[in-house]
Amino acid sequence: MKVSVVCVVVLVALSSISSPAWAQVPGPNNAITDVPGIKVGHFTGNPLTGTTVVIAEKNGQGVAGGVSQRGGAPGTRETDLLKPENMVQIVNAITLSGGSAYGLAAASGVMQCLEGQGVGFPVGGGNVVPIVPSAILFDPGRCGAPFTYRPNASFGLAACSAAQSGPVQEGNVGAGAGAVSGGVKGGLGTASVVLDNGVIVGAIVAVNSVGSTFDANGNLYAAPLELADEFGNLIPIHGGPPPKMPKPAAVPGGLLRNTTIAVVATNVELTKTQATKIAQMADDGLARAIKPTHTPFDGDTVFAVGTGRISMASFGDLSVAEYVIGSAAADALSRAVVHAILSAESTPCEKSYCDLFPNACRNRKKGAQK
Amino acid sequence: MSRDRRSSSSASAAAIFTLLIVSVSWAQTPGPLNAITDVPGIEVGHFPLPSSDPTSPPPITGTTVVVSKAGAVGGVSQRGGAPGTRETDLLRPENLVEKVNAVVLSGGSAYGLAAADGVMLCLEAQGVGFPVGGGHVVPIVPSAILFDPGRCAAFSVRPNASFGLAACQAATGGPVQQGNVGAGAGARSGGSKGGLGTASTVLTTGASNGIIVGAIVAVNSSGRTFDAQGNFYAGFLELDNEFPLIGPSATDVVPPSNLLQNTTIAVVATNAKLTKAQAAKVAQMADDGLARAIKPSHGVGDGDTIFVMATGTDTRDATNLVNTIGSTAADTLSRAVVHAILAATVGDCRVKSYCEQFPQNCAK
């Protein structure tokens, strides 16, 4: 438990937001891959766009999943099958991708990749159909990129082939490569938390939001949720005139088009119904980290999976266990959003948060926090 | 598409039954093509079509695309238990995008969702889609699949993006080929050969005069479309002698071989001007058309999914017509199911078609 005194004070002061009723610490990689059974792979294009795949397994089989789809302009695949009443009880992977609806093609490559490994829902005769829900974000044509350059099946295949446990690269990579967020460069972020009862929860997110992740002074909304100095000693910005905010980059002649997409995972065995509830609660983590969120122009979608390494029954009251996991998932997702914004790097078209607020980030050693 | 019908007592009984059950309060007739393409602006394309060479084997899987280049207000009802879908979330009434440019129905289980990738490329090349600035578009292409892989060929034979591209490029507003084509190529239904069917209804009286409703369906159901005597459950909904049946006779009914690997998928189109919420309601009501034509339907292994496309070329406020349109959509979909089964004239490697099973029931 390396929670600093300062951090404890902050957490106590803001307990109305975070209410941590249980001890918590980030996992060794502070990444969704701290959840056993989770692997992550990125493929990053040039110009910046890309695909991130989260593979979930237990004993080589898929695990239960759920979804919360509350943004107003979604692009999705296979969310209907996640409804608790529907037959298929597992997911094998979740694909997050740039490219707007065109990027849904990436999931076809992930399916090829997994079929090649014999991973999927068994349909007899040794054949499988990989279950690969997917969501996309809008990034085509940004920063001078050709509109027709976007993730296709080959992106999904490459991201799936690259999937591994261990540290997860953040910032301008994978599905977050081309992302923007409320006037600054968006990106990909991840985080994890280990509770003292053995529950592990991780989150990964591609932040590409209409809304901003920080207030008018530049303070990140979710900064109070920091665990173990993970944000690198951000300096709170007190009053004073906020720096001039560049307007979020609009597509020429069009409305703002965005979308934040995420996966949360836990090592607890979940039913589909429980995974759905966890996804709903985790979605509140977006609300706390990004303002506004779930707008008509954001297709915000949050998936949840449970890799079944420990039984929920071991915690006694199932509803209380769900409450704890869902709450931890929301906080992990909020923190992953902060990591995404702090890890993002400036492009010729968009400044990063740390380049826009160098004072806030001046104690932060680049890349040292993971 | 009216055909001669042999008179029979059962037909008269069915007609009376129709009056009792349906209690139609509006006059209706099939459109000139008795196909979803009777709705102006709706185009249909299949890939593959059967070979013109009768000795070549029938296609074993495929893709059907329903296109509205001008865009049609979309809705969906997803009630089957094992769905494979794309872009159904955006169809929820509260979400931003209102219009869909195409709906893709495909074989291949979840792998077949790749067909929609090809449809998107086809439409983008035509400049058809949701405008996102700079002259660029994102075609809105919801999709659903059915399970047919491995039935008569290797499991790896399945629709990919090229199927969607070819089906989209073949889309036209004319007559629609039925039976073992497109998404219905590899279909089975309750132990018989399934297939692709279409139907349309034109309302001709009162406030609904001029409303056109069309349906297209790929029937790949665990449940049967007919009773133990070979009577179609939806036979009573026939319009203008469209079903070329002689009459029922008791015979053997073949059970389906797999109750959990199926799915019936459909599109209903209308020229009415509907909101997204109204389109969703019409989809829900249309789904009852499956319930009346297939028993059981919406099973655990059926991913039954119904899309609605409302083109709005009839610009009247349709608020007071939603009930009529929904009810007509259900009946039209039921009739399309019967057309699918009757048009599936060639069985596949293991199952017979309805008309092969009940030759005395088919007028052909």
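In what follows, chains carry the letters A, B, and so on, assigned in the order in which the sequence lines appear, proteins first and then strands, with residues in each chain numbered from 1.
- For B:Pro139, the parts sitting under 4.5 Å from any heavy atom of chain A are the backbone and the side chain alike.
- In terms of heavy-atom pairs under 4.5 Å with chain A, the best-connected choice from B:Glu124, B:Glu94, B:Gln261 is B:Glu124.
- B:Asn220 and B:Thr264 share no donor-acceptor pair across their side chains, judged by distance under 3.5 Å alone.
- Listed for the A:Lys272 side chain is a donor-acceptor partner under 3.5 Å among the backbone atoms of A:Val88.
- For the pair B:Asp348 (side chain) and B:Arg350 (backbone), a donor-acceptor distance under 3.5 Å is present.
- Within 6.0 Å of NZ on A:Lys39 lie no more than 12 heavy atoms contributed by other residues, nucleotides or ligands.
- Heavy-atom distances place the side chain of B:Asp117, and not its backbone, under 4.5 Å from chain A.
- The interface of residues 151-161 of chain B with chain A, defined by heavy-atom distances below 4.5 Å, comprises B:Phe155, B:Arg158.
- Both the backbone and the side chain of B:Gln78 have a heavy atom closer than 4.5 Å to some heavy atom of chain A.
- For A:Lys83 (side chain) and B:Gly81 (main-chain N/O), no donor-acceptor pair under 3.5 Å exists by modelled atom type.
- Judged purely by atom type and a 3.5 angstrom limit, A:Glu350 has no side-chain atom pairing as donor or acceptor with the backbone of A:Thr347.
- Interface check for chain B: of the options A:Gly299, A:Ala135, A:Gly75, the most heavy-atom pairs under 4.5 Å are formed by A:Gly75.
- Across all their heavy atoms, A:Ala279 and A:Ser68 have their closest contact at O-CB, 3.5 Å.
- Scored by the ring-ring contact (aromatic ring centres under 6.0 Å, His included) test, A:Phe43 finds A:Phe155 as partners (sequence neighbours excluded).
- A distance-only check finds no donor-acceptor pair linking the side chain of A:Thr49 to the backbone of A:Gly45 [under 3.5 Å].
- A:Asn92 places no side-chain N or O within 3.5 Å of a backbone atom of A:Ile55 that could act as its donor or acceptor partner.
- Ion pairing between B:Arg92 and B:Glu98 fails under the 4.0 Å rule for side-chain N and carboxylate O.
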Without placing hydrogens or testing angles, list every side-chain donor-acceptor pair under 3.5 Å for residues 117-133 of chain A, not counting sequence neighbours.
residue: A:Asn127; atom: ND2; partner: A:Gly124; partner atom: O; Å: 3.4

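- With a 4.5 angstrom heavy-atom cutoff, A:Ser100 touches chain B only via side-chain atoms.
- Applying a 4.5 Å heavy-atom cutoff, the residues of residues 298-309 of chain B that approach chain A are B:Val300, B:Gly301.
- The residue among A:Pro296, A:Ser108, A:Gly71, A:Ala101 with the most heavy atom pairs within less than 4.5 Å of chain B is A:Ala101.
- No side-chain donor-acceptor contact under 3.5 Å links A:Ser134 and A:Thr95.
- Residue with the most contacts toward chain B among A:Glu85, A:Arg70, A:Glu78: A:Glu78 (heavy-atom pairs, distance under 4.5 Å).
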